Each structure stands twice: as structure tokens, then as C-alpha cells.
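For reference, the structure is listed below as C-alpha cells.
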Amino acid sequence: MSSKRQSMMPPPPKPPTSLSSTITIAEHASLIGTHLIAIGSNTVVHPRSKLNSTYASITIGNNCIISERSQIGLQGEPEGEERDGILIENGVVVEVGAVVEARHIGEGCVVEVNARIGKGAVLGKHCKIGPLCEIADGEVVPNFTVVFGNGMRRVDRSGIEDLKLKMVRRQVEILRKLIPSKPDKFQ
């Protein structure tokens, strides 16, 4: 006999989803809300990550990694352009514990551990947001910007964006072998 009490609350409604056939999504991931959640091919969604489409839709591109305990979705009522939803382009990595409420995240961006991207913010292509860093609500971060420390910034001129995207694709290949996928649970 289980010692856990069963909840008297009904389970939250399943959101409408559009999931690629090649997605890897863990059984213990959480997809909730009423707006569409669309996830592209070869994307990995770790256990205990939370995608919340209660206030706006969420679109995640191909070859993305959504790590455990990360939260994607608006946490409150949207204003203005925020109603359009959240768009995460291809090759984006959202690390452990990160909170993403951004309107748009460009290709190849990395949102590191416990970083927070504010409501309606826009990240350009190949940006890197360091651990525990915050991007303010509505802020626009230009392409190739690295945010680190206490809000310090620099521009990454290394020119190795293609190599970084290749590394993300390789990481996705490995994670697909390690994480048991249960996409049927979310459709």
C-alpha cells in the first residue's frame, strides 16, 4: 500500500500539442495549459521540465535541449506582443532550472543554469546567458551577445557558430539514447 495521498484535484488539462515524430520527451516532463505547444524534430525534453501554455503558445524548433527543472512559458497575464507566444528557434539549449518567458530566442542560444529571461524579451542569434543571469522584461539582446557575471556583456566574435550547432546536434543524439521517450502521453 502506498503511503502517498492521492490528490482530490482533477489533473490539469492537456494542452493541444504538435509534436514531431522524432522528439524525445521524458514521461515526467510537464506540459500544461490551453494554448498550442509545438516542438520540432530531434528536440529533447528532460524529466521535470515544465512547459506552460496557459497564457500563450509555445513553439520550440529543431535540435533543442530543454533540461530538467527548466520552465518555459509565461507565468502571468501577457501584454501587447507577448500574446503572440514564445518562439524558440533551432539549436537552443535551456539548462537546468532556467526560466524562459521571452517572446523570441534566436538560433543557437544557450540559457545557462538558473538564468531568467524576462517576459517579452528578445534574444538574437547565438547569444549565451550565463548562470544566474537575468534579462529584464521586454529587453532586446543583440546577436552574439554573451551575458555573464552581474549583468556584464561582451560580443562573441569567435566565428564558430556552426561548430556549436554541430555539438548541440551530437548532444541531442546522445540524450536520445539515454532518455526514455513517452510522446504518446502528451498527444
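In this text, all values refer to a predicted model and were calculated from it rather than measured experimentally.
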Using modelled atom types and a 3.5 Å cut-off, is there a donor and acceptor pairing between side-chain atoms of [X] and backbone atoms of [Y]?
{"X": "Glu134", "Y": "Gly118", "result": "no"}
{"X": "Asn143", "Y": "Lys125", "result": "yes"}
{"X": "His35", "Y": "Ser53", "result": "yes"}
{"X": "Thr22", "Y": "Asn42", "result": "yes"}
{"X": "Ser70", "Y": "Ala98", "result": "no"}
{"X": "Thr24", "Y": "Ser181", "result": "no"}

> Does the pair Tyr55 and Glu77 meet the rule for a side-chain contact (heavy atoms from CB on, under 4.5 Å), with working shown?
Replying inline: CA-CA 6 Å; Tyr55 297 106; Glu77 200 63 43; 3.4 Å; yes
> Do Glu112 and Lys128 meet the salt-bridge criterion of a basic N to acidic O distance under 4.0 Å?
Replying inline: yes
> If you link I, L, V, M, F, W and Y whenever their side-chain heavy atoms are under 4.5 Å apart, who else ends up in the same group as Val99?
Replying inline: none
> Apart from Leu36 itself, what residues make up its hydrophobic cluster, given side-chain heavy atom links below 4.5 Å?
Replying inline: none
Check [X] against [Y] and note the closest heavy-atom contact, atom names and distance.
{"X": "Ile88", "Y": "Cys64", "answer": "CG2-SG, 4.3 Å"}
{"X": "Ile179", "Y": "Val44", "answer": "CD1-CG1, 3.7 Å"}
{"X": "His126", "Y": "Cys109", "answer": "N-SG, 3.9 Å"}
{"X": "Asn52", "Y": "Ile58", "answer": "O-CD1, 3.5 Å"}
{"X": "Ile37", "Y": "Pro15", "answer": "CD1-CG, 3.7 Å"}
{"X": "Val141", "Y": "Cys127", "answer": "CG1-SG, 3.9 Å"}

Side chains of [X] and [Y]: does their closest heavy-atom pair fall under 4.5 Å?
{"X": "Val93", "Y": "Val111", "value": "no"}
{"X": "Val172", "Y": "Ile65", "value": "yes"}
{"X": "Val113", "Y": "Leu132", "value": "no"}

> Could you state the interatomic distance from CZ (Arg116) to CD1 (Ile129), rounded to the nearest 0.5 Å?
Replying inline: 13.0 Å
>> Going by salt bridge (Lys or Arg N to Asp or Glu O under 4.0 Å), name the pairs with one or both residues in residues 157-167, residues two or more places apart or in two chains.
In response: Asp156-Lys164
>> Looking only at the side chains, is there a donor atom on one of His28 and Glu68 sitting less than 3.5 Å from an acceptor on the other?
In response: no
> Got a sec, which residues hit salt bridge (charged side-chain N to carboxylate O under 4.0 Å, His left out) with Asp84, two or more places apart in sequence or on another chain?
Replying inline: none
> Who passes salt bridge (charged side-chain N to carboxylate O under 4.0 Å, His left out) against Glu139, sequence neighbours left out?
Replying inline: Arg153
> Crowded around Lys182 NZ? As in, over 12 foreign heavy atoms under 6.0 Å?
Replying inline: no
> Taking only residues two or more places apart in sequence, or in another chain, which ones meet Asn90 in a side chain to side chain donor-acceptor pair (under 3.5 Å)?
Replying inline: none
